[in-house]
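Being a predicted model, the structure only gives us computed values, none of them experimental. Only this structure's heavy atoms are used, side chains among them; waters, hydrogens and symmetry mates stay out.
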Amino acid sequence: MKDELVFKRPEVMADVTMHYCPGCHHGVAHRLVAECLESMGLVEKAIAVCSIGCSVFLYNYLKLDSVEAPHGRAPAVATGVKRARPDNFVFTYQGDGDLASIGMAEIMHCANRGERVSVVFVNNTVYGMTGGQMAPTTLIGQKTTTCPGGRCRDREGAPIKMAEIIAGLGGVAYCARVAVDSVKNIVKAKKAIQKAFEVQTQGLGFGFVEVLATCPTNWRMTPVAANARIAEEMIPYFPLGEYKDVTKEGGTC
Amino acid sequence: MSDKRIFIKGNEAIAMGALAAGARCFFGYPITPQNDIPEFLSKAMPDAGGEFVQAESEVAAANMLLGAAACGIRAFTSSSSPGVSLKQEAISYMAGSELPGVIVNINRGGPGLGDIGPAQGDYFQAVKGGGHGDYRLLVLAPGTCQEAYDLMIESFDLAFKYRNPVMILGDAILGQMKEPVEPWKPEGINPEEGKDWALYGASDHSPRIIKSLFLGEGELAGQNQHLREKYEAMQVEARAESYLTEDAELVVCAYGSIGRIVKSAVRKLRANGKKVGLFRPITLYPFPSNELLELAKKGKRFLTTEHNLGQMVEDVRLAIRTVADSEFFGFMPGNLPTPDAFEEPILAALERK
């Protein structure tokens, strides 16, 4: 019988062991980014802006020209990169603490200016690398090391819904929220990432994809239970879907 | 750019010098007294084929500079004291990532919100670090509008030569003062500048990573050692103006606008037969310590004058510590200095013997 290769690592992904914990969704999100870059022929044009948090090591896993941004500042750094090199493809990859807390001003204004950059926003409702502190997206009642009794709406406010906020800004050409907890959702997630990349390559505006993701370690859950939590607790509060798509509106931003 | 003299503000000289140097990205945010720089560049930069961005904050502006610098493009940002404090995060990252970029500080009075008048309270911040970690900026302190123009051009060459951020430290006097300036354009800038390290997509090189995170055992120590060697190599750039120091009994040390005002005071005192001279550091880092030490070895006495409570005087004392000391006269931030304000303290120091 002849062996046929039907599944392999994208070339742009480095052949190294990732530091991510078992059951973490970063690996899946990385792969989707890698697949889109390859299928769209963007690998040699891409400049990745890496952020602070677990995903800072994106530059060890994707073989791209990369720059490391200070905490939360990736959209500002990406603005500088894109303005300096308008012909390159520029994207950031950020977590929820980075993007929705310390980097709130930078993401809002980068989106509002309609910078021709793409943002992959991985929301796992917790600060991962620092050891499981409360994030701006931590769900009500969720226990973390800095809200040990569970997040309380009256005390800590409600979890921030970034996709909805970003979609309301003028310069945004595409904005969606996806999950990578099932094959069906992974397929949709890849389409959304591709769309967020396309609005940049077509010069239409800012592209944004929020990816709901697990953090089994800091959720104190098994990988299987963490994966199930996406559908059971996260999607009901963070609904999936496309929040803005100027290509369907028949015009640009 | 014509070779005719033009009558412009120091802030405009800085903006025009940067354009002449081939700067193609500017990222700014409004703050007095540096607003002429972003206002001028909002039109002039796009006209020159470059990018102007009014950022949402000084934090963002400095990080945009980091991004453009990572691409090997000549880029800069400007601000004034409180805004420069906000830029320190990105400046530290740029130093750690070895990125060339220019940061202009049109120093105003502090601490806190202070005032919008001239001051030299940011000397320590500019010269000793400002942000976190061990690093140094090249710091240039122009005293006239022409020198602001000239040093702005040179700042980009230095930034790329050493792959290090450069700070231009002016003040509200320099920024707001109008003087004749002779614009000039440097010889062609190497179009390959930065080609061997900058980001432009991994099309003809293996992927490049520009970062300041070094977690592997010994890696950070190696990086710090490398930076130390770079800072040692920078010492050859030290430069100062010596005015009538040859036969002076008392050498007055002052930088920037104050150096220029003190020069007037020295000139007047000389006319009255007083043997005083001026030593004006043009580079604050590296500090022109060797030149100062040579003067000290000739038996000169020293008075350092600043528009602050005493900052550069520490570097003066450090430079001459084996043979001499320096007195200090601090003109208070919040007041506008005149040559008269310095005459008396200079005379007093001269006559103390």
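Neither the backbone nor the side chain of B:Arg24 comes within contact range of chain A; no heavy atom of the residue lies under 4.5 Å from a heavy atom of that chain. Heavy-atom distances place both the backbone and the side chain of B:Tyr200 under 4.5 Å from chain A. Neither the backbone nor the side chain of B:Leu99 comes within less than 4.5 Å of any heavy atom of chain A. Contact annotation for B:Cys25: only side-chain heavy atoms (C-beta onward) come within less than 4.5 Å of a heavy atom of chain A. Neither the backbone nor the side chain of A:Val90 comes within less than 4.5 Å of any heavy atom of chain B. With a threshold of 4.5 angstrom between heavy atoms, A:Ile47 approaches chain B through side-chain atoms but not through N, CA, C or O. Contact annotation for B:Phe52: only backbone heavy atoms (N, CA, C, O) come within less than 4.5 Å of a heavy atom of chain A. Using a 4.5 Å cut-off between heavy atoms, B:Ala60 touches chain A through backbone and side chain atoms alike. For B:Leu199, the parts lying under 4.5 angstrom from a heavy atom of chain A are both the backbone and the side chain. In this structure, no portion of B:Ser92 lies under 4.5 Å from any heavy atom of chain A.
Highest contact tally toward chain B, considering only A:His109, A:Lys63, A:His71, is held by A:His109 [criterion: heavy-atom pairs under 4.5 Å]. Ranked by heavy-atom pairs under 4.5 Å with chain A, the first of B:Ile210, B:Ile73, B:Val53, B:Leu215 is B:Ile210. Of the listed residues A:Ala84, A:Pro70, A:Cys110, the one with more heavy-atom pairs under 4.5 angstrom with chain B than any other is A:Pro70. The most heavy-atom pairs under 4.5 Å with chain A, out of B:Ser212, B:Cys71, B:Ala68, come from B:Cys71. Ranking A:Ala74, A:Ser66, A:Cys50 against chain B, the residue ahead of the rest is A:Ser66, based on heavy-atom pairs under 4.5 Å. Contact count versus chain A (heavy atoms, under 4.5 Å) is highest, among B:Ala202, B:Ser206, B:Ala62, for B:Ala202.
Between A:His26 and A:Phe57, a ring centre-to-centre spacing not shorter than 6.0 Å is recorded. Remark: aromatic rings of A:His30 and A:Tyr20 are close, center separation under 6.0 Å.
Side-chain contact annotation: A:Lys195 with A:Thr247, donor-acceptor N/O pair under 3.5 Å present.
Looking at every heavy atom in both residues, B:Gly67 comes nearest to A:Val81 through O-CG2, 3.4 Å. Of all the heavy atoms in B:Phe27 and B:Ala61, the pair that sits closest is CB-O, 3.6 Å.
At a threshold of 4.5 Å between non-hydrogen side-chain atoms, the residues A:Ile107 and A:Phe121 do not count as touching.
The pair B:Lys87-B:Glu58 does not count as a salt bridge, with every side-chain nitrogen at least 4.0 angstrom from each carboxylate oxygen. Using a cutoff of 4.0 Å between basic side-chain nitrogens and carboxylate oxygens, B:Asp157 and B:Arg74 are scored as salt-bridged.
Of the possible donor and acceptor atoms, none in the side chain of A:Arg9 sits under 3.5 Å from a partner among the backbone N and O of A:Arg31.
Taking OG of A:Ser118 as the start and CD1 of A:Ile193 as the end, the distance is 10.0 Å to the nearest 0.5 Å.
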